[in-house]
Every structure is written in structure tokens, then in C-alpha cells.
There are 2 protein chains.
Amino acid sequence: MAQMSKSYRHGQILKLIRGQAISTQEELAAELKKTGVETTQVTLSRDIRELGLVKTPDGYRQMSRKHGGPDLDTILAEFLQDVRVAQNLLVLKTSPGHASSLAIALDQEEWDEVVGTIAGDDTVLVIAPDAGTAQTLHGRLLGNLGE
Amino acid sequence: MAQMSKSYRHGQILKLIRGQAISTQEELAAELKKTGVETTQVTLSRDIRELGLVKTPDGYRQMSRKHGGPDLDTILAEFLQDVRVAQNLLVLKTSPGHASSLAIALDQEEWDEVVGTIAGDDTVLVIAPDAGTAQTLHGRLLGNLGE
DNA sequence: AATTATTATTCAGCACTATGAATAATAATA
DNA sequence: TATTATTATTCATAGTGCTGAATAATAATT
């Protein structure tokens with residue numbers, strides 16, 4: 001049992017720092033090893049930055065609500081199957097069951113052009129302030145895919 | 001606008017074959033080009049196999065409900081953050097908003113050991129027939145991660 | 001059966017992600 | 001200030017996913 005995924009490691013890091021005071025990256029590496037996750041200080045330095053952890057007198061803590069999921073580009077590439085515009089709305093289609101993953105990834109970008117999203121099973125409704133902005137969003141989403 | 005994601009291309013393929021009779025992979029390539037997706041017969045041959053399309057007198061059709069999303073290993077690697085067992089239940093934690101993606105990926109595997117799943121925001125409840133099987137599943141899920 | 005059309009597969013290459021060794025930079029301690 | 005501890009960054013590498021050119025295999029047509 002050598003390697004675990006980055007996501008799983010992040011989950012275990014958060015779990016550990018919530019339960020105990022861990023003050024150094026090597027200490028964290030040792031605690032992670034106990035959960036079956038083997039990694040080095042280098043990787044943990046990166047993880048800590050990605051998770052937005054800060055060092056307090058009580059050890060590492062999560063200050064922001066940084067969620068640690070994949071970024072929007074990754075999610076778009078993996079799940080987005082169609083984009084249609086209807087006035088100030090965009091209808092995004094995903095592979096079945098994956099709409100909420102896409103919606104949350106989009107929400108977390110906090111684009112000004114997105115008023116809100118509603119996710120179903122394979123459809124995300126994206127609300128834009130107006131039709132023109134909806135068109136802009138259409139281009140932007142597909143543009144992300146094309147790069 | 002050179003390349004689109006595989007997922008988007010799959011979405012456009014399904015959309016095209018639902019709307020018209022397309023009988024050859026080169027014809028499909030030409031129609032895809034009109035939607036902004038440039039690709040070759042080689043890639044489409046692969047896509048057609050992955051999507052489980054069959055050739056009918058009316059062109060390519062989708063016969064099975066093959067969903068075309070990422071496979072379970074990919075989803076586990078990306079989203080799974082913790083696994084806990086409680087009797088015949090497993091509680092899977094994901095990064096927020098991604099529980100249903102994980103649940104659907106698991107459902108699609110159709111493991112005998114999984115009676116059913118319930119997905120929330122960041123938690124998937126997996127129901128096993130008994131506590132022993134729940135333990136087996138625990139090992140299997142983490143084993144997938146470790147390979 | 002020969003030819004052409006279509007599809008599937010092999011091989012090569014590229015891009016991207018993730019990780020660790022080594023080291024640089026920074027912080028803490030004496 | 002010197003030393004030690006801790007963290008961040010650079011460089012290199014491995015693995016994975018994906019794609020297309022070339023070609024092999026198969027199917028359809030003449």
C-alpha cells in the first residue's frame with residue numbers, strides 16, 4: 001500500500017489537523033503514515049498551500065473554506081458534454097450524475113457573470129444577468145475547453 | 001479553437017446521431033467539425049466503442065445506456081477523501097459537492113457487494129448486505145486508490 | 001475475385017499531473 | 001551572530017491519458 005490519491009491525502013490531512021495539534025510537516029508525514037498514506041515533506045508543503053492551511057499555536061488549521069476539489073478546467077474537461085444558451089440562461093449538459101460536481105466547481109470560481117446555478121442529474125442551469133452575458137459565458141466555457 | 005475535451009466530443013457525437021443518420025466515421029468527423037470539434041476517424045473509432053454505439057440502417061445508434069463518464073478509479077482518485085465503516089454501512093467523504101459523482105460511478109460498476117447508495121453533498125452512504133462485506137468494500141475502495 | 005470503402009489497431013509522441021531528491025529560503029533557537 | 005529547524009522551490013522523472021499517422025483487418029461493392 002504505497003500511494004494514495006492526492007484527494008484522499010487531503011481528506012486525511014484535514015481529519016488529522018482537526019483532531020490534534022500538528023506543528024511541523026514532518027510530524028504530519030508521520031501521522032499520515034499511520035493512516036496508510038506515505039508521503040514526504042515536499043508534497044505536504046504543497047498540500048498545505050493548496051488547502052490554505054495556516055500555522056497557529058495549536059498547530060495547522062484551516063482558516064479559509066478552501067475546498068480542495070479539482071479546478072473548473074478539470075471538471076469541464078471531464079464532464080461537460082453540451083452548452084446551450086436560451087436568453088439569459090445557459091443549459092450545461094454533463095454525463096449523467098455529474099451535474100452537481102460541475103455546478104460546485106463553477107460556483108467556487110465566483111465569476112461575476114454567474115448570478116447562480118441549479119444542478120439536477122445531468123443538467124446545470126446557469127443564470128446570467130442578461131442574454132449578452134450568457135453569450136459571453138458560453139464562449140468562456142467552451143474557450144476553457146479548447147485550451 | 002483546435003481541441004475539445006473527450007467528454008464534450010462524446011456529448012456532441014450523441015447529439016448528432018440522435019438528430020441525423022450518420023453512417024460512416026468520416027461523415028461523423030465532418031459533422032463534428034461543424035460543431036467546432038476537430039478530430040479524426042481514429043479517435044472516433046475509439047469513441048464509438050466507448051459509447052457502445054452500433055451501426056444500424058439509420059446510422060449509428062446508442063443501444064446500451066452506456067454513460068460515457070469517467071470510470072470509478074478516476075473518480076475515486078479525484079474525489080474520495082475518507083472511508084469509514086459502521087456495521088453494514090460505509091460512509092464515503094468527498095470534496096464538497098462531489099458526492100453524487102462518486103455515487104453514480106459506484107452504481108455503474110454494479111458490484112454485487114453494494115446493495116445501494118445514497119448521496120448527499122459531500123457524503124455517500126454505501127449499503128452493504130452485512131458488516132463483513134462492508135469491510136471487504138472498504139479494502140477494495142482503498143485498494144483501488146493504492147494502485 | 002478484385003477493388004474500394006470502412007473500421008480497428010499499433011506505434012509514436014505530446015501534454016499534463018504528481019511526486020521526491022536536492023537545495024534554497026525562511027524562521028526559530030541558542 | 002551562528003546554528004538548527006522548518007518550509008518552499010527547483011529540477012528531474014514516472015505514469016497516465018489522449019491523439020493522429022500509418023497500417024492491418026474487415027466489410028461492402030463491382
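In what follows, chains carry the letters A, B, and so on, assigned in the order in which the sequence lines appear, proteins first and then strands, with residues in each chain numbered from 1.
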Atom pairs, N/O to N/O, protein against nucleotides 25-30 of chain D, distance under 3.5 Å?
none

If only side-chain N and O atoms of A:Thr43 are considered, is one of them under 4.0 Å from the OP1 or OP2 phosphate oxygen of C:dG20? yes
Would you say C:dG20 has OP1 or OP2 under 4.0 Å from some side-chain N or O of A:Thr39? yes
Which residues pass the side chain to side chain contact (heavy atoms under 4.5 Å, CB included) test with [X], not counting sequence neighbours?
X: B:Glu27; result: B:Ile22, B:Ser23, B:Thr24
X: A:Thr74; result: A:Pro70, A:Asp71, A:Glu78, B:Glu78
X: A:Glu109; result: A:Leu72, A:Trp111

Find the distance between CD (B:Gln41) and CG (B:Asp47) and round it off to the nearest 0.5 Å.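 Answer for the CD-CG pair, B:Gln41 versus B:Asp47, is 11.0 Å.
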Quick check for you: to the nearest 0.5 Å, what is the distance between B:Arg84 atom CZ and B:Leu89 atom CG?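 Taking CZ in B:Arg84 and CG in B:Leu89, the distance rounds to 13.0 Å.
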So how far off straight is the helix from C:dA1-D:dT30 to C:dA30-D:dT1, going by the axes through five pairs at either end, to 10°? 10°
Please output the side-chain donor-acceptor pairs of residues 119-126 of chain B that fall under 3.5 Å, not counting sequence neighbours, one pair per line with the distance.
residue  : atom : partner : partner atom : Å
B:Asp121 : OD1  : B:Gly97 : N            : 3.2
B:Thr123 : OG1  : B:Lys93 : NZ           : 3.2

Can you give one letter per nucleotide of nucleotides 3-10 of chain C, 5' to 3': B if a protein heavy atom sits under 4.0 Å from the base, S if only from the sugar-phosphate, - if neither? ---SBBBB
Do any pairs count as a salt bridge (Lys or Arg N to Asp or Glu O under 4.0 Å) and have a residue in residues 124-137 of chain A, sequence neighbours left out, and if so which ones?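 Residue pairs with at least one partner in residues 124-137 of chain A: there are none.
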Whole angstroms only, please: what is the [atom1]-[atom2] distance between [X] and [N]?
X: A:Glu38; N: C:dG20; atom1: CD; atom2: P; result: 10 Å
X: B:Ile75; N: D:dG17; atom1: CD1; atom2: P; result: 13 Å
X: B:Asp73; N: D:dG17; atom1: CG; atom2: C1'; result: 14 Å
X: A:Leu32; N: C:dT19; atom1: CG; atom2: C1'; result: 15 Å
X: A:Lys33; N: C:dG20; atom1: NZ; atom2: C1'; result: 15 Å
X: B:Asp47; N: D:dG17; atom1: CG; atom2: P; result: 16 Å

Using links of under 4.5 Å between side-chain heavy atoms of ILVMFWY residues, direct or through other members, which residues join A:Ile104 in one cluster?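 Answer for A:Ile104: none, a lone residue.
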Sorted by first residue and then second, give each ring-ring contact (aromatic ring centres under 6.0 Å, His included) pair with at least one member in residues 70-94 of chain B; sequence neighbours left out. B:Phe79-B:His98
Which ring-ring contact (aromatic ring centres under 6.0 Å, His included) pairs, counting each pair once, include a residue from residues 12-36 of chain B, with sequence neighbours left out?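 Residue pairs passing ring-ring contact (aromatic ring centres under 6.0 Å, His included), neighbours aside: none found.
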Could I get the full list of side-chain hydrogen bond (donor to acceptor under 3.5 Å, both in side chains) partners for B:Asp107, not counting sequence neighbours? B:Thr117
Position toward the 5' end of DNA chain D (nearest nucleotide), B:Thr40 or B:Thr74: B:Thr74
